[in-house]
Undergrad: 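Mind having a look at this structure? Questions to follow.
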Amino acid sequence: MKSQPIIQLQGLTKTYDLGEIQVHALRGVNLDIEAGSYVAIMGASGSGKSTLLNILGCLDRPTSGRYWLGGDDVSTLEDDALSIIRGQRLGFIFQSYNLIDQLTVVENIHVPLFYQGRDLEQCWDECVKFAELVGLGDRLDHRPKQLSGGQQQRVAIARSLVNNPLMILADEPTGNLDSQTGREVLEVLDRLNAAGKTIVLVTHGEEVATRAHRVVRMKDGFVDSDVLNRKTISTAATARPVAAAAR
Amino acid sequence: MKPLIPIALVRIVQLGVKSLLLHKMRSALTMLGIIFGVCSVIAMLAIGEGASHEAQEAIKKLGSSNVIIRSVKRTADNSSSGQGKRSFVAEYGLTYRDAARLQATIPGIRRVLPLRIMRDDVRFSSISHPCQVIGTHPLYPEINGVDLLAGRFLTETDERYQNNICAITLSLAESLFTGQNPLEQEVKIGANYFRVVGIVRERGTEQKRPQSGATEGQTIDANVYIPLSAARNRFGEVIFRRSAGSFEAEKVELHQLTLQFENPESVETAVPLIQRLLERFHERKDYELVVPLELLRQAERTKRIFNVVLGSIAAISLLVGGIGIMNIMLATVTERTREIGIRRALGAKKKDITTQFLVETIVLSVGGGLIGVAVGVITPLLVEQVAGMKTIITWWSVVVAFGISALVGVVFGLYPARRAADLDPIEALRHT
Ligand SMILES: Nc1ncnc2c1ncn2[C@@H]1O[C@H](COP(=O)(O)OP(=O)(O)O)[C@@H](O)[C@H]1O
Ligand SMILES: [Mg+2]
């Protein structure tokens, strides 16, 4: 069952112009990602993983090449338009959680909706629902500093889901966590994918990558290999759906 | 229908307050500059306004459509009319003919009120009290603002027949006639008896006359008013005065002329004419002209200059406050670079970031402004209590001071807010 790709990359390059020298971080990446897939991007440090993810996340624009997201060419959009795309179609999970210190758990989860003009009072129930989904229903009023790393990352996951994005982009989400907590976070991601969310995850860990349907390996700004992981696909299909996990 | 204040703006303000409360001390110190600026504007203007109000009231009491001419004794002229040190007669000042000439030639004059002032003791039975004996016309109460409390004031008939009657001020009546009714009693001034026909009160009794000359700051609440004609005949033109052991005699016909004009405009055209006329008939300048209207104008000019100086000081202090705010906001932007990156990643547009930081600055400056207004309104009240100075808080000084404080927030907040919004989202996210 082959679905319509939500991401299509064509000859994507990114060059950082540092005056004296030019750093070619991406040298022509072609990549399609289907809706509902779980893709791990791996590769040595400096191979261009983060650069690629930033472009996928509309945080950065390619130097050349095309990027279609959900059918729209977003490679040349204006700053404001990119903000709207980020707010409506994308969810981010960062290595260092990136929660806002002065906001509570619910308020942090609410931020993407705030920029869509939705007041917290209006969507309180939604935000709480996602907090409960990641197991933080009893920590709604806590500040990030009062939470453990794993809990903070789960808040970040809830936040990445609240706007019902086309896909979730995660740059080494377990990089700051111990292996046990990291596994718990990855299990949340597994469940989300099982419920139909598209996930693109940058990681160093081979073990992390085994959970993905597909492993894309980068090298010097190119896609070095692109392998489907059949075994994972079959296990993912039997994972509990998100709705069930929320109970 | 849209709500009066968009809910989003309320939320942004709440967010700003929340962020500022994260660093209470820093926010408070930052506000201090604005607080002092606003407070000093309101307080200084209130004190200045109070002072100039008092001055203007004093001037207005003289009447803005009046011109007052006073006889002035010039010390250098002492020897001109008498020889020897011990006893001579100093002859100077305004004359009855001056009064008649002015009345006849100056256009726009309504009335001329002559005044002859002598210092003497007034006696009733065994009590004696120093007072001013003022020879004047029936017009006096009307032009100088005097209330009749009992009986009557001088009349034209009294003037014509040089009647030995008088009106006295209430305070004098109280000290002379303890418990008795002063009306129809006779008091003795010098060698003459005067029948009391009226009791009056000068408005603003406790005040001293703002002047030099014959009445030299004497309080005006112990006055005896007698018909000018009676004053002239009973007391003569020469007034004897004892001062510091020596004996002084002056020959002065009139001590003061109050010219009342139709309106303030005719005062302006009349002043040069009056001066020319007096110069012609007086060899020496033994008179002075007081034009309340001019004094009023001058007071207003002084006040304007005062306001400009004050305004500049206030502007500088608010400028310094503004720079302080900008400085802190720039530091805040740097400190919260990552927050800005996060918000941008989650869908915030540049505009949203600008708004957020601008609102935060405005909350600081408006907060400071509000506190400044409160302190600025209290300070003049304290000054009034402690220093006994009159202060007037004008509503516009409050509005202007507060408005400027809000403006400072916008002006000095714009740059840091722009800087925050122009940060590259990825760079901002990478910031530690
Ligand atoms: N902002 C930047 N300016 C200049 N060079 C950069 C910048 N970001 C990344 N690079 C360079 O681009 C290359 C790819 O970096 P990155 O995508 O971060 O690699 P990875 O995430 O795989 O470690 C590296 O050589 C890095 O030094
Ligand atoms: Mg990286």
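Not measured: the values here are computed from a predicted model. In the text below, chain A, chain B and the rest are named by the order of the sequence lines, each starting its count at 1.
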Undergrad: What's the separation between atom CZ in Arg159(A) and atom CG in Leu346(B), rounded to the nearest 0.5 Å?
TA: 4.5 Å

Undergrad: Rounded to the nearest 0.5 Å, what separation is found between the CG atom of Asp79(A) and the NZ atom of Lys351(B)?
TA: 12.0 Å

Undergrad: With a 4.5 angstrom heavy-atom cut-off, could you sort out which part of Leu99(A) is near chain B: side chain, backbone, both or neither?
TA: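 Only the backbone of Leu99(A) comes within 4.5 Å of chain B.
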
Undergrad: From Arg338(B) CZ over to Ile100(A) CD1, what is the distance, rounded to the nearest 0.5 angstrom?
TA: 11.5 Å

Undergrad: Would you compute the distance between atom CD1 of Ile342(B) and atom OG of Ser96(A) and round it to the nearest 0.5 angstrom?
TA: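 Spacing of CD1 (Ile342(B)) from OG (Ser96(A)) equals 8.0 Å.
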
Undergrad: Give, for atom CG of Leu21(B) and atom CD of Gln102(A), the distance between the pair rounded to the nearest 0.5 Å.
TA: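 Rounded to the nearest 0.5 Å, the CG-CD separation comes to 11.0 Å.
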
Undergrad: Ser83(A) and side-chain hydrogen bond (donor to acceptor under 3.5 Å, both in side chains): which single residue from Arg343(B), Lys349(B), Arg344(B) fits?
TA: Arg344(B)

Undergrad: Measure the CZ-CD1 distance between Arg118(A) and Ile7(B) for me, rounded to the nearest 0.5 Å.
TA: 14.5 Å

Undergrad: Is Asp60(A) close to chain B through its backbone or its side chain, or both, or neither, when contacts mean heavy atoms under 4.5 Å?
TA: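 Both backbone and side chain.
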
Undergrad: Any Lys/Arg nitrogen of Arg11(B) or Glu107(A) sitting under 4.0 Å from an Asp/Glu carboxylate oxygen of the other?
TA: no

Undergrad: Heavy-atom distances under 4.5 Å only: say whether Asp119(A) touches chain B with side chain, backbone, both or neither.
TA: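 The side chain, not the backbone.
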
Undergrad: Salt bridge or not between Asp80(A) and Lys350(B)? Use side-chain N to carboxylate O under 4.0 Å.
TA: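 No, this pair does not count.
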
Undergrad: Under the side-chain contact (heavy atoms from CB on, under 4.5 Å) criterion, do Ile12(B) and Phe114(A) qualify, and how do the steps go?
TA: CA-CA 10 Å; Ile12(B) 293 171; Phe114(A) 176 75; 3.9 Å; yes

